Amino acid sequence: MSHQRGSDHSLEHDEVSSLIPWYVNDTVDVHERQRVDIHVATCAVCREDLAVQNRIFEGMEAQPALDYMPVASLKRLQARLDVSQARSAAPQAPPEPVRRETWRGGRMAASVGALAIAIGVLAAGRWVQFEARVKEPSYRTVTKATLRPPGEVIRAVFSPTITLEELQHLLDEAQLKIVSGPTEAGVYSLASNSSVAVHSSLQQLRRHSAVRFAEETVPEPESGNLP
Amino acid sequence: MTLPAKISPKERDSALLVAVAAGDRRALEELYLGYHRRLARFLSRFTPRYENIEEIINDTFMVVWQNANDFRHASQVSTWIIGIAYRTALKSFRRQKNHNGERSLEDYPVPTVDPTFDAEVHDWLKHGLNQLPVEQRLTLELAYHMGHSLEEIAVITECPVGTVKARMYHAREKLRQYLPALSGASPDLPSRTE
């Protein structure tokens with residue numbers, strides 16, 4: 001009989017003991033709270049444990065002395081979202097399920113991707129030549145106006161293997177942000193994020209092996225200067 | 001999006017997440033700013049470097065942005081978001097551990113000392129917490145700092161309730177060994193850094 005009482009007490013002790021952390025953080029229900037109160041009144045071990053857990057709880061409540069910068073962090077998230085959305089909107093971006101396709105399908109997708117990149121690089125190269133030829137345009141058609149994204153200072157083509165994180169890191173270093181792109185040719189329009197000179201950002205980009213092409217764009221002529 | 005002035009934090013979170021699922025970037029930003037401090041504090045328990053904390057928070061919100069449509073409102077939005085942060089943090093921790101091995105105890109940030117809380121106890125607590133495996137440390141943080149219930153922690157960590165209980169049990173047992181000061185004994189305290 002006394003053995004039975006002893007094992008009952010032991011069971012109650014173990015169960016109440018496991019409730020103590022949740023009693024301390026006030027997430028137990030009313031019945032569990034009463035159960036702990038009753039047991040603790042007669043159990044010195046649980047009473048002492050409750051005191052210890054209360055002290056740990058108090059200690060962990062104290063806020064760490066860290067400087068949080070939510071707005072700066074949010075800006076970096078926004079830039080990542082911009083890149084992500086630009087990529088998903090790009091017509092040549094390989095659709096997600098391709099990764100789960102067969103080896104053969106993967107090879108085909110890779111070939112198509114490589115072709116798209118080659119076309120992109122070629123188109124970018126042509127664009128450079130074109131830019132050189134028309135550096136001082138003598139005329140401008142009004143029926144086919146250039147749709148240049150606002151703030152664009154640099155156009156760039158990145159390696160298709162660059163990850164979002166690398167791209168974001170690279171843009172942060174060069175203090176640039178994506179304002180448009182990628183185009184069908186894989187060209188991104190970049191705007192300056194700060195007062196840093198464009199040529200500094202350009203040099204920063206060109207130093208990186210994942211940058212296939214980067215060129216400063218010719219300033220847009222004032223509309224009043226149009227012939 | 002415009003939310004009614006009188007709305008509970010839970011309703012606010014749910015409304016924001018519905019907007020996020022519809023592609024509303026402003027709603028995501030609002031949710032981000034509302035959770036940043038809480039997540040940063042939580043994540044500071046296993047990485048002292050702010051840039052790592054920020055990366056995990058931003059990875060978490062990329063997942064929120066991409067998967068908001070999948071949230072079925074069966075649990076609270078906070079439980080869902082903190083669960084994503086928890087799993088992202090564990091992945092990051094395991095990756096770091098593979099690269100760098102275990103980190104030094106001194107890498108951890110020192111919490112601001114509550115003037116009513118004994119400085120020696122803080123020392124013991126800091127050392128004791130740093131000795132715990134990351135899952136046990138985060139379970140304590142979820143319960144004692146963030147105030148989550150046993151069931152909520154089970155959802156956040158995607159573990160059975162029994163596992164959470166076991167982690168909490170082992171965390172308490174280990175802390176008891178490291179924290180004799182908490183039980184009123186007069187331990188030989190580690191030498192304080194001047």
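Chain naming here is simple, since letters A, B, ... match the order of the sequence lines and numbering starts at 1 in each. Values reported hereafter were calculated over all heavy atoms of this structure, with side chains retained and with hydrogens, waters and symmetry mates removed. As the structure is a prediction and not an experimental result, all values here were calculated from the model.
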Engaged part of A:D49 at the chain B interface, taking heavy atoms whose separation is under 4.5 Å: both
Assess whether a salt bridge exists between B:E55 and A:R80, defined as any Lys/Arg side-chain N lying under 4.0 Å from an Asp/Glu carboxylate O. no
Test B:E51 against A:R76 for salt bridge (charged side-chain N to carboxylate O under 4.0 Å, His left out), laying out the working first. CA-CA 11 Å; B:E51 57 266 37; A:R76 281 184 273 275; over 6 Å; no
So for atom NE2, which belongs to B:H73, do other residues, nucleotides or ligands contribute more than 12 heavy atoms lying within a distance under 6.0 Å? yes
Need one label for A:D82: side chain, backbone, both or neither, based on atoms under 4.5 Å from any heavy atom in chain B. both
One should read off an interatomic distance between A:L77 CG and B:E54 CD, to the nearest 0.5 angstrom, of 9.0 Å
Measuring from B:N58:CG to A:K75:NZ, what's the distance to the nearest 0.5 Å? 13.5 Å
Where A:Q78 and B:R25 come nearest, the two heavy atoms and their spacing: O-NH2, 3.4 Å
Just how far is it from atom CD of A:E58 to atom CG of B:L125, taken to the nearest 0.5 Å? 10.5 Å
Heavy-atom closest pair (B:R41 atom, A:M60 atom, distance to 0.1 Å) is NH2-O, 2.6 Å
Nearest heavy-atom approach of B:L33 to A:P70 is CD2-CB, 3.8 Å
Pick one of side chain, backbone, both or neither for A:S17, based on which atoms fall under 4.5 Å of a heavy atom in chain B. both
Look at A:A72, A:S18, A:S84, A:S73 and state which one has the largest set of heavy-atom pairs under 4.5 Å with chain B. A:S73
Proximity breakdown for B:Y169 and chain A, heavy-atom pairs closer than 4.5 Å: neither
For A:Q85 and B:W65, what are the C-alpha separation, side-chain angles and deciding distance, and is it a side chain to side chain contact (heavy atoms under 4.5 Å, CB included)? CA-CA 11 Å; A:Q85 285 184 320; B:W65 176 250; 3.3 Å; yes
Between B:M62 and chain A, with a heavy-atom cut-off of 4.5 Å, which part of the residue counts as in contact: side chain, backbone, both or neither? both
B:I153 versus chain A, the contacting section by heavy-atom distance below 4.5 Å: side chain
At a 4.5 Å cut-off on heavy atoms, which part of B:L150 comes close to chain A: side chain, backbone, both, or neither? both
What are the two closest non-hydrogen atoms of A:F57 and B:Y144, and how far apart are they? CE1-O, 3.0 Å
How long is the span from the CG atom in A:L74 to the CD atom in B:E30, to the nearest 0.5 Å? 11.5 Å
For residues B:A143 and A:W22, report the shortest heavy-atom separation together with the two atoms involved. CB-CZ3, 3.5 Å
Would you mind checking which part of B:I57 comes under 4.5 Å of any heavy atom in chain A, side chain (CB onward), backbone (N, CA, C, O), both or neither? neither
Under 4.5 Å from a heavy atom of chain A, the part of B:E152 involved: neither
